[in-house]
Chemist: 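Before I ask anything, here is the structure I am working with.
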Amino acid sequence: MAPPFVFPSNLLDLESPSDDRLFVSDPIESESLTPSDLEELVHGVSFDLSDREVLCVEDSDVFGRVYSLVKSFHLLHPRLKLNLLETLRSNLSVLLPAVDSLSRGDPDPPTVDRIASHRNAFRIYSFFLLTIALAEESRPEVTAPSKTRKKIAANTWNWELQRGRVLNLIANSMEIDFSLLFGCAGPDENYLSFVSKCVFAMFENPVLLRDGETRDAICRTIGTIAVKHRYTEQSLAPILHLVHKFSFTVAHLADMAAGSAEHHMDGRLVIALVTEIGRADPKAYVVDSSGAENVARFLVELAEKAPKLVAKNVGVLVPHFGGESYKIRNGLVGVLGKLVMKAFVGPLETDQRLSLRSKKSMLEILIERFRDVSAYTRSKTLQVWAELCEEKAVPIGLWNEVASLAVGRLEDKSSFVRKSALDLLITMLQHNPFGPQLPVSGFEVTLGKYREKLREMGGGDVEEAASGDGDVWEDNDAAEAPVDLPEVGDLEQTRVLVASLEAGLRFSRRLSEAMPVLVRLMGSSSSTDVEHAILLLMRCRQFQIDGSDEALRKMLPLSFSQDKSICEAVEEAFVTIYIRKNTMETAKNLLTLAIESNIGDLAAMESIVRSLVLKGEISASTIAALWDFFSFSINGVTAEQSRGALQILCMAAKSSTGILGSHLGDIIDIGFGRRSKEDPLLARQACIALEILSNEEREKLISGSGSRVFGILQKLITDIWLSDDFWYAFVDKAISAIYTVHPSPETLACNIIKRSFASVFANNDGANDAYADQDIGNTYLCSSVEASKLSKFLFIVGHVALKHLLYIESCVGKIRKERSKKEKLYSDSQDCQENHSLPAEANVKDDGISAELGLAASGDAMLDLLSERAEKEIVSGFSTEKNLISSCAPFLSKLCRNFSLMQKFPVLQASAMFALCKLMIIDADFCEANLQLLFTVVENAPSETVRSNCTVALADLAVRFPNLLEPWTENVYARLKDPSVSVQKNAVLVLSHLILNDMMKVKGYIYEMAMRLEDEDERTSNLAKLFFNELSKKGSNPIYNLLPDILSKLSNQNLKEESFCNIMQFLISSIKKDKQMEGLVEKLCNRFNGLTDVKQWEYLAYCLSQLTFTERGMKKLIEFSKSYEHALSEESVMNHFRNIISKGKKFAKPELKSCIEEFEDKLNKFHSEKREQELTTRNAEAHKLRVVQGTSMSHRENMDPNAAEGEVIDPYDEQTFAQTRKGRSKISSGEPEESHGSSSVVTEFEVGEMEVQSPITSQRVTSRSRAKKLNGTTTNGQMDSRPRRGKTRTDKGRLC
């Protein structure tokens, strides 16, 4: 009998002699053998193992030779490797049934020696096979499993083919009955430890796990060892080690654990793993972040594959919800979600109703996680609830609570949480248990009927019935709201149905209330917010949620987004909502949308329609259907619908020429015919259609019915039959169409002005003389004409003047284009002349052309001169005579100065100022002469419309004449403080346009724009936020340089503390660069120098606390501590610095952390010292006050001996001291008084009219004024604290 075989720790240990185990007494040195000797040795071993009994391997001679070959396995020829491995594998395969038969019990019981021989052989074969496997896997040339293994011959060596067969054999060997072979205790630990070590080592190789056969064999081996052979405790450590260190093993280990529980009907391994993970210290997962993520994934996989086992032991995991690792919390949320979906399928057992193991308790925990401190966990919670909704695992009693929490998360500060919330709401709509349509009105009607039926059945109180006696944790399919009214049986069913209808009504209302939030999300800077908000709104529209149609219309402006994904999402939603297979339905949808849209939506819709026409989404048949609507070919079409159809056709015509040209007759007949009286805007839309005609279509129109069209337009403009609400809109487009289509528009425009003038002044006897005399007073004229007619005449004059300016520019552009074209043709001909020989006459002719072309530069100069002269003549007239418009200019200027008249006729003032602004845009001299008047009106006009129009005109003036507007910059910014919301909004738009397009420099008044961030009007606030967002993207972020000045100015404004904090927080958040953050630390610290106002200390400290500190930033803060140590006496200031220190400790390295702690001690010391000094000062002041009060009391007693004696009360308390201290601080800070606004000096004439003088202030006065303003500022940017007396500020902004 051979000695027992003991698994060595190392292969070479088998050569060590021993009396109590099998060893190799005479190993063969295979390295010294020749190839033929090695081949002979392998064949000899294979013959012995094959020819003799499988137990012969324990013979000393055979064992030694096999050992020698295994030791030098890497030296063998591939054919010999295959031979040896197949021999060992086949022998073990033969041995396994023999071992199994021993355990089943034969008629002849085996002897002890035979059992020992079988045990030895089993161990030896297993040892040598696993040793070869580890040796082959350790070779560097072993790669991933090949996909072409079928092409490899079976008799050649390929370890990839052999690996699976060997490991499967080992796995099978672990599953046989070892009761007789190893005794009742099972395999000894030496054997199990060796096999476990080998398979766990292989598990670390990701290449092996990609091969399904190999992976399954390894997993079966581990599972069998841990469960069947009760090696669970020893297997936990290596399994969890793999989970922590190797992420690719997580899913396979979960499969292994769940598979072993199912295969062996024993869940001890799953339970032990969950328990071990639950026992771990939560702080350990904070240190090992990647390990925590792997553990979380492992738990989720385990809960999915073995839900019932995990559910029974989930209680040990719940305490980890209180840990700091959000990754573990994410995993636990996923675990609870899987358990709710899978662990409670089928009949519930009694123990599953315990607190933390029940479905109800798990759902309550998941609801709590909606408010987790980590955004990642909140997002994961929302995702898990979405999965529960898909699986219909959310009880109907919780449905509305989950929906409310999801709607609340739509305003989460993290974008990915908002995305998950949107996805959850989309899923809840798709899988809702209340029906395919969720309109509030429908639910209310149905609910009312069932409530009435419930009363008739004697169901008691309606609210009691609505709440129901049933379980609110009932699944979704328990009660579904009916679309129709089915016959309900008993009282209980009616109660459940009413409760379900109540829940459905609440769900619909909750989604309707979320529409404003979704509209705000469509304006988010995050593209995911926008895209998913659009998806949710489309889903709401599908389920007929109230308000979804109006909210979806707000997405149209997003077609102008620079983000391509957002534009594509808008187009896709547009096609889904409005484009149908039926072309008539599509046409009706589009024209209805056009009718109901405002100007902004129409512009966005035009962009979408043009794109869809190019892509073919709007087909030719849809265009034909639109023409049918426009031409009233369909019964029941209204004039409004006809206009809407023409609007869509005009949009499509900008992408596809020829759409309008084929129906010019219809446009003229219908657009300017009797239908236009039904809808006056139809005529305006017809003018727009004429404007966008192509050149060929214009020529066709002029040659065919041009005189008729222009005659109609002239009549419509001058014959005032349209109401005032539509006349101005029509004339605007009519004059534009004339200047676009007419070959000589100036002649027609001249006739229009003359006819309009005649219609206004027809009742004046000396009208023509008055028109010729520009100096005539306006009292008589204004008292003799209708204000409405005059306002329309002035509108025509102003609009014709502006369009004529554009017409001149377009003509100059055409001339330049033609000249450039000729120059290009000439250069091409020169190239041809160089390549080909031309006749002599041609060369001479070309030389003459070249000589003439030498005047090209002077020609451009001449063209510029002519252009300037033509523009000048529009308002100023010729040198010897005046034209129509130039004759009106002085009259218009004097009329606008007559404030008393303008106040009586607001419409006239609006039209006159509008015309004045247009003339100012044309001529620089006229602009300069009337600038003071314009700013007087824009500040003091009682009409909100006038102020708003003038504010918009300032943008055009600033672009046209920037040097003239530059001294008035402060007055432009002053429009932000206008009491009217619309004026403020236009001022924000104007300044945004000028600043972002580099037409106006950002000056010290930018703080006015910053104050609009907290404007009461949401639209104005959003525009201001958009401005600063866009400004931060320019260059190196100008906000960085503007921030200290904005902070200084805002500190002196009468702002609420909350508003100030919100403004500064928004501005600071736009600064992303670390270097700029570090620079702000230095700038803000330096601003503490010289400040004694506590309020400004607090504001500066707050701004510092909002910065994102880096290591260098913290060092700068420590370095400049001398600048702000005097402010640390205030508790509020100290709290802000404590916040900075706490944030710095989170990212600081050990060295920096020690510096921060030392800095913290230093600040605390400063704070305590300053507080002691303040307390001492307070006590001294109090003592002094008591002495003064005591002296005065003695004096009063001496003066009045009869005065009653009483207790002297000390009125001086801490609040009084603080107020006194703040008063001293404000006085010592020397805040200068500022005078804002402008004044008007009005002179009354003898005739009783009021006129405003507008002298032209010289630039020299302006320079002196600005110099005076600069004298009030010290070199370091601080305001001069010396009081100014007896002086008032004079600047260009003062109006007289």
Side-chain angles (χ1 to χ4, degrees), residues 598-600 728-729 732 791 795 798 896-897 899 902-903 905-918 920-921 927 930-960 965 967-997 999-1000 1002-1003 1005-1028 1049 1053-1055 1059 1063 1234-1240 1252 1292-1295:
N598 55 30
I599 296 176
Y728 291 98
D732 181 5
S791 64
F795 180 83
C896 293
R897 283 180 166 80
F899 278 7
M902 293 295 99
Q903 290 178 0
F905 303 100
V907 177
L908 177 60
Q909 185 183 26
S911 183
M913 287 303 303
F914 204 30
L916 180 72
C917 292
K918 291 178 179 179
M920 290 173 66
I921 291 171
C927 176
N930 292 280
L931 262 182
Q932 208 162 14
L933 169 65
L934 175 61
F935 278 100
T936 300
V937 172
V938 82
E939 290 184 3
N940 301 323
S943 173
E944 176 182 320
T945 304
V946 173
R947 299 200 309 274
S948 186
N949 289 343
C950 293
T951 301
V952 175
L954 290 175
D956 296 324
L957 291 173
V959 175
R960 181 86 170 155
L965 267 292
W968 299 88
T969 302
E970 182 179 1
N971 300 82
V972 177
Y973 276 98
R975 296 304 85 232
L976 294 169
K977 296 184 288 187
D978 194 279
S980 169
V981 173
S982 65
V983 177
Q984 285 186 12
K985 183 190 70 174
N986 287 335
V988 172
L989 289 171
V990 164
L991 288 169
S992 300
H993 169 69
L994 295 176
I995 293 173
L996 295 177
N997 291 287
M999 300 173 190
M1000 178 183 284
V1002 183
K1003 294 194 174 181
Y1005 314 108
I1006 194 66
Y1007 73 94
E1008 296 283 2
M1009 184 72 93
M1011 291 177 66
R1012 299 281 73 76
L1013 291 170
E1014 284 292 301
D1015 197 275
E1016 295 178 357
D1017 181 60
E1018 185 180 1
R1019 172 67 174 161
T1020 304
S1021 175
N1022 290 336
L1023 288 173
K1025 290 177 182 177
L1026 179 62
F1027 163 73
F1028 282 106
K1049 295 291 179 62
Q1053 301 299 316
N1054 188 20
L1055 270 178
S1059 298
I1063 292 171
E1234 294 184 7
S1235 61
H1236 297 285
S1238 306
S1239 62
S1240 302
V1252 182
K1292 187 75 174 183
R1294 188 175 176 198
L1295 308 178

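Bear in mind that the values here come from a model prediction, so they are computed numbers and not experimental data.
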Chemist: Nearest 0.5 angstrom please: Ser1021 OG to Leu1026 CG, how far?
Modeler: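 Those atoms lie 11.0 Å apart.
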
Chemist: Is any side-chain heavy atom of Leu933 less than 4.5 Å from a side-chain heavy atom of Leu916?
Modeler: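 Result yes, sub-4.5 Å side-chain heavy-atom pair found.
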
Chemist: With sequence neighbours excluded, tell me which residues meet side chain to side chain contact (heavy atoms under 4.5 Å, CB included) with Ala1024.
Modeler: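 Ala1024 satisfies side chain to side chain contact (heavy atoms under 4.5 Å, CB included) with Arg1012, Leu1013 only.
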
Chemist: Taking only residues two or more places apart in sequence or in another chain, which ones pass side-chain hydrogen bond (donor to acceptor under 3.5 Å, both in side chains) with Asn598?
Modeler: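 Result, side-chain hydrogen bond (donor to acceptor under 3.5 Å, both in side chains) vs Asn598: none returned.
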
Chemist: How close do Val990 and Ala955 get, heavy atom to heavy atom, and via which atoms?
Modeler: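 So the two residues come closest at CG1-CB, 3.6 Å.
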
Chemist: Got Asn940 and Arg947 here, is their nearest side-chain heavy-atom distance under 4.5 Å?
Modeler: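 Not touching, per the 4.5 Å side-chain cut-off.
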
Chemist: Got Ile1006 and Ile995 here, is their nearest side-chain heavy-atom distance under 4.5 Å?
Modeler: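 In short, these two side chains touch, coming nearer than 4.5 Å.
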
Chemist: Would you name the heavy atoms of Glu1014 and Ile1063 that are closest together and state the gap between them?
Modeler: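 Looking at all heavy atoms of both residues, the shortest contact is CG-CG1, 3.6 Å.
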
Chemist: Residues two or more places apart in sequence or in another chain: which of them pass side-chain hydrogen bond (donor to acceptor under 3.5 Å, both in side chains) with Ser992?
Modeler: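 Ser992 satisfies side-chain hydrogen bond (donor to acceptor under 3.5 Å, both in side chains) with no residue once adjacent residues are dropped.
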
Chemist: Can you name the residues that form a side chain to side chain contact (heavy atoms under 4.5 Å, CB included) with Val952, not counting sequence neighbours?
Modeler: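 Partners of Val952 under the side chain to side chain contact (heavy atoms under 4.5 Å, CB included) test: Asn986.
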
Chemist: Suppose we screen for side-chain hydrogen bond (donor to acceptor under 3.5 Å, both in side chains). Which residues come up paired with Ser980, at least two apart in sequence or across chains?
Modeler: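 Checked Ser980 against side-chain hydrogen bond (donor to acceptor under 3.5 Å, both in side chains); matches are Glu944, Ser982.
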
Chemist: Ion pair present between Lys985 and Asp1017, side-chain N to carboxylate O less than 4.0 angstrom?
Modeler: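 Here Lys985 does not pair with Asp1017 in a salt bridge, since their nearest N and O are not under 4.0 Å apart.
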
Chemist: Using a 4.5 Å cut-off on heavy atoms from C-beta on, say whether the side chain of Asp978 contacts that of Thr951.
Modeler: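 No; the side chains remain at least 4.5 Å from each other.
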
Chemist: If you measure from CE on Met913 to OG on Ser791, what distance do you get to the nearest 0.5 Å?
Modeler: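 OG of Ser791 is found 14.5 Å from CE of Met913.
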
Chemist: Kindly compute the distance separating CG (Asn971) from CD (Gln932), expressed to the nearest 0.5 Å.
Modeler: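 The CD atom of Gln932 is 9.5 Å from CG of Asn971, to the nearest 0.5 Å.
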
Chemist: Considering only heavy atoms from C-beta outward, does the side chain of Lys977 approach that of Gln984 to under 4.5 Å?
Modeler: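 No, too far: nothing below the 4.5 Å cut-off.
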
Chemist: Would you please name every residue forming a side chain to side chain contact (heavy atoms under 4.5 Å, CB included) with Phe795, sequence neighbours left out?
Modeler: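 Only Trp727, Tyr728, Val731, Asp732, Ser911, Phe914, Lys918 meet the side chain to side chain contact (heavy atoms under 4.5 Å, CB included) criterion with Phe795.
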
Chemist: With rounding to the nearest 0.5 angstrom, report the OH to CE distance, Tyr973 to Met1000.
Modeler: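 Rounded to the nearest 0.5 Å, the OH-CE separation comes out at 6.5 Å.
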
Chemist: Please identify each residue that fulfils side chain to side chain contact (heavy atoms under 4.5 Å, CB included) with Glu1016, with sequence neighbours left out.
Modeler: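 Side chain to side chain contact (heavy atoms under 4.5 Å, CB included) list for Glu1016, sorted by chain: empty.
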
Chemist: Side chains of Leu954 and Trp968, heavy atoms from C-beta outward: is any pair under 4.5 Å?
Modeler: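 Side chain of Leu954 against side chain of Trp968, heavy atoms only: no contact under 4.5 Å found.
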
Chemist: Can you measure from CZ (Arg1019) to CG (Leu989) and round to the nearest 0.5 angstrom?
Modeler: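 Spacing of CZ (Arg1019) from CG (Leu989) equals 6.5 Å.
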
Chemist: Find out whether Val937 and Gln909 are in side-chain contact, i.e. whether some heavy atom of one side chain is under 4.5 Å from a heavy atom of the other.
Modeler: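 Contact flag for Val937/Gln909 side chains = yes.
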
Chemist: So, do Tyr1007 and Met1011 sit near enough that their side-chain heavy atoms are less than 4.5 Å apart?
Modeler: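 A side-chain contact exists here, since the closest heavy-atom pair is under 4.5 Å.
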
